[in-house]
Chemist: 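Next up is a structure, given as C-alpha cells.
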There are 2 protein chains.
Amino acid sequence: MNFPDLFDRFADRVLPANLTDAAILQLRHEAYAEDLPAGGRLHLDDDRSHFIFVGSGATKLAAFVSTEREQIVAFDFAGDIVHVPPRGRYNFALTALTPAEVLVMPADSFLRTTPESCALLKVATEETARALSASRENAITLGRRSARERLACFLLDVWARMADQRKTGEEAIVLPMSRGEIAESLGLTIETVSRQFSELRELGLIETCGRSLLRVVNPEGLSRCAGQVAAAA
Amino acid sequence: MNFPDLFDRFADRVLPANLTDAAILQLRHEAYAEDLPAGGRLHLDDDRSHFIFVGSGATKLAAFVSTEREQIVAFDFAGDIVHVPPRGRYNFALTALTPAEVLVMPADSFLRTTPESCALLKVATEETARALSASRENAITLGRRSARERLACFLLDVWARMADQRKTGEEAIVLPMSRGEIAESLGLTIETVSRQFSELRELGLIETCGRSLLRVVNPEGLSRCAGQVAAAA
DNA sequence: CGCGTCGTTGATATGATTCAAACGGTGTGG
DNA sequence: CCACACCGTTTGAATCATATCAACGACGCG
C-alpha cells in the first residue's frame, strides 16, 4: 500500500467528515508512511510524541524497563491508532509483529491551534483518552488478577479485536504474537503463559493449533474465567 | 476556598496565557466547585468523562473491579488534574483522602470545536497525554516489579510530588493515604506493604513516625531499590 | 477508659518463577 | 530425501515470593 492509499484509509476511519481540506492537507503534509518487516522497529524522534496509524499488520508498543527486559504496553492491529509518548522515564518503541504498514504523524501536527485544525485536535484528544482507558484497564488487570484471569482477559480482548479476521463467527484467528510477548504484556513468564494455555485447552474453553492458531470455543466460560464482574455502583 | 478563587487557581496553573476571555468564560460557566470531606466520593454523570482539578487536599481515583474490591488507578494532590473516564468496562470514582476542594469540568467543555476554544482543546489533549504516561508507568510497575520495588517506586513518586509540602528539603511529609490504599494501588496486600515499610526502615532508607509521617532519608538508595535503570536505546 | 479501626508481626499455604529437560516444527546441508 | 541443528513451546520438579490466616499492638474517638 502506498502513502496515498494508507492516508486515505486513515482519513476514512478516523477523521471526522467536517474537517476542512486545509486541515487535512496540513496533516497529510506532515505524515509519512513506513513499511516495517516482521520484527522491525519504528524509529522516531524521541523528543516528540507521535500518533501511529496501523494500516495493516500488527504491532506492539513496548517500554524498555531494563536492558533486555521489556514490558509490552499495548498491542495494536490494522485500523488501530497508537499513541507513542516521547522519551521519559522509560523509552518506548513500536515494533512490528507481522509485516506492517504504518502512518507516522507527529502529535504536534494535531496540536496546531489554528481554527481550521480544531477538529483535528478533538480527534487527538479522543484517541488519547481511548488509549488512557485501555492503559488503565491494563493496569487493573496486572494489579489484581491471577495468571489464569490475565490470560483469559487477554484472549477475550484479542478475540474481540480481531473479529474482522474471521468471516463467520467460528473461525480461528492467527495470534501474531509469541508466547513470550504475551508473557511480557501480562507481567508473567513464558512458562506460566504456556501452562495457562494448556489448562484453558483442557477445560475446553479454547482450541489451539500449532503456536498461533486460536479458537475460543466457549467465550462465556472464558469470560467467567477472566473474572469479569459487572461494576458495582 | 470559594468557586472564584478555585477557578482562578486552576486558570493560573493550567490554562495558557493566550486564551481568549470568551473561552475562559465558557469554561467557567460549565465548571463547578465541590467540597469533599475526607472519604467523600464525588458523584458525576457516568456517561461523560470529566477533568477534575484538585485545588486542595488529596484524592484517589479507583476502579471497582468487583464488589468491595477496588483498584486505585491514580493518586492526585493539590494542583493536579485528574481525568475521570465515563462508565465503561469498569466504573471509576474519585474519592477524597483528606478534605478536598475540587473543580469539576465535563470534558465536553474542552471539546468545543469553536475557534476560540482551540487552546482549551490543546490543554485537554496535553493533560490526557500526561495521564496516559502516568498510567503506563503504573502498568509497567505493576507488571514487572517485586513488592519492594513497587513500594520504593511509590514512595519516591509521592516524595517528589509532595515536595512543596516540605519547605526545607529535609522535612517529613504526611502520607494522606492508608496502608490499605497503598496496597490497592500497588496490587499488593496490606500485610505485604506493611512488611516492606518495615524492611525499608530497617535498611535506613526511610523513617516513619506513626502511620502517616514519612521521611526519605536516602533517596539514592531508595531509587536503587526501585530498580530504576536508565532506559536502553 | 473501653472500643474499634488500622497497622504490625508471625506461621503457613498457594501460586508463580526458576531451572532443567524434552518436544515440535522449520530450515539447512549432506 | 533424510539427518541435523535451531528456535519457540511445552512439561516437570524445586524454590521463592506474596497471599492468607491469625494474633497482637497502637492510636484515635466516644
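All chains are named by letter (A, B, ...) in the order of the sequence lines, taking the proteins before the strands, and each is independently numbered beginning at 1.
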Chemist: I want to check something: taking the side chain as every heavy atom from C-beta on, are B:Phe197 and B:Leu155 in contact at a cut-off of under 4.5 Å?
Modeler: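 Side chain of B:Phe197 against side chain of B:Leu155, heavy atoms only: contact under 4.5 Å found.
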
Chemist: For a quick test of reading the model, state the closest non-hydrogen atom pair linking B:Pro176 to B:Leu97 and the distance between them.
Modeler: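 Residues B:Pro176 and B:Leu97, closest heavy atoms: O-CB, 3.7 Å.
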
Chemist: Is any side-chain heavy atom of A:Asn138 closer than 4.5 Å to a side-chain heavy atom of A:Val73?
Modeler: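 Heavy-atom side-chain distance check fails, nothing below 4.5 Å.
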
Chemist: Give me the atom names and distance for the closest heavy-atom approach of B:Leu213 to B:Ala172.
Modeler: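 Closest heavy-atom pair between B:Leu213 and B:Ala172: CD2-CB, 4.2 Å.
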
Chemist: Between atom CZ in B:Phe197 and atom P in C:dC6, what is the gap in whole Å?
Modeler: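 Answer to the nearest Å: 16 Å.
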
Chemist: Specify the separation, in whole Å, of atom CD of B:Glu199 and atom P of C:dT8.
Modeler: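 To the nearest whole Å, that distance equals 12 Å.
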
Chemist: Expressed in angstrom and rounded to an integer, what is the separation of A:Arg179 atom CZ from D:dC7 atom P?
Modeler: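 About 19 Å, once rounded to whole Å.
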
Chemist: Starting at CD1 of A:Ile190 and ending at P of C:dT17, how long is that distance when rounded to a whole Å?
Modeler: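 So the CD1-P distance, A:Ile190 to C:dT17, works out to 12 Å.
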
Chemist: Just checking, any donor-acceptor pair under 3.5 angstrom between side chains of A:Ser135 and B:Ser135?
Modeler: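 A donor-acceptor contact under 3.5 Å links the two side chains.
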
Chemist: Quick one: which protein N/O atoms are closer than 3.5 Å to N/O atoms of nucleotides 14-18 of chain D? Pair and distance per line, please.
Modeler:
unit_1 : atom_1 : unit_2   : atom_2 : d
D:dT18 : OP1    : B:Ala147 : N      : 2.7

Chemist: If the condition is salt bridge (Lys or Arg N to Asp or Glu O under 4.0 Å), which residues does A:Asp157 pass it with, not counting sequence neighbours?
Modeler: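 For A:Asp157 the salt bridge (Lys or Arg N to Asp or Glu O under 4.0 Å) partners, ignoring immediate neighbours, are A:Arg161.
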
Chemist: Quickly work out the A:Leu151 CG to D:dT9 P distance and round it to whole Å.
Modeler: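 So the CG-P distance, A:Leu151 to D:dT9, works out to 13 Å.
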
Chemist: Okay, side chain of A:Thr141, backbone of A:Glu137: is any donor-acceptor separation there less than 3.5 Å?
Modeler: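 Checking the backbone N and O of A:Glu137 against the side chain of A:Thr141, a donor-acceptor pair under 3.5 Å is found.
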
Chemist: Can you measure A:Leu142 atom CG to C:dA16 atom P for me and round it to whole angstrom units?
Modeler: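 In whole Å, C:dA16 P lies 14 Å from A:Leu142 CG.
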
Chemist: Please report the distance, rounded to the nearest Å, between CD1 in A:Ile182 and C1' in D:dT9.
Modeler: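 Checked: the CD1 to C1' distance equals 11 Å.
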
Chemist: Between A:Ser198 and D:dT11, is there a side-chain N or O to OP1/OP2 distance below 4.0 Å?
Modeler: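 So the side-chain polar atoms of A:Ser198 do come within 4.0 Å of the phosphate oxygens OP1 or OP2 of D:dT11, strictly under.
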
Chemist: Provide a list of protein-nucleic acid N or O atom pairs under 3.5 angstrom, restricted to nucleotides 21-30 of chain D.
Modeler:
unit_1 : atom_1 : unit_2   : atom_2 : d
D:dC21 : N4     : B:Glu191 : OE2    : 3.1

Chemist: Under a 3.5 Å threshold, yes or no: a donor from one side chain and an acceptor from the other, between B:Arg201 and B:Thr208?
Modeler: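 Side-chain D/A pair, B:Arg201 to B:Thr208: present.
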
Chemist: Could you check whether A:Ser194 gets within reach of a base, just the sugar-phosphate, or nothing at all, counting any heavy atom under 4.0 Å?
Modeler: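 It contacts base atoms.
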
Chemist: Nearest whole Å is fine: how far is C:dG7 C1' from B:Met177 CE?
Modeler: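 My rounded result for the distance is 16 Å.
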
Chemist: For a salt bridge (charged side-chain N to carboxylate O under 4.0 Å, His left out) check, start with the C-alpha distance between B:Arg148 and B:Glu199, then their side-chain angles and the critical distance, and finish with the verdict.
Modeler: CA-CA 9 Å; B:Arg148 165 81 48 93; B:Glu199 291 175 26; 2.4 Å; yes

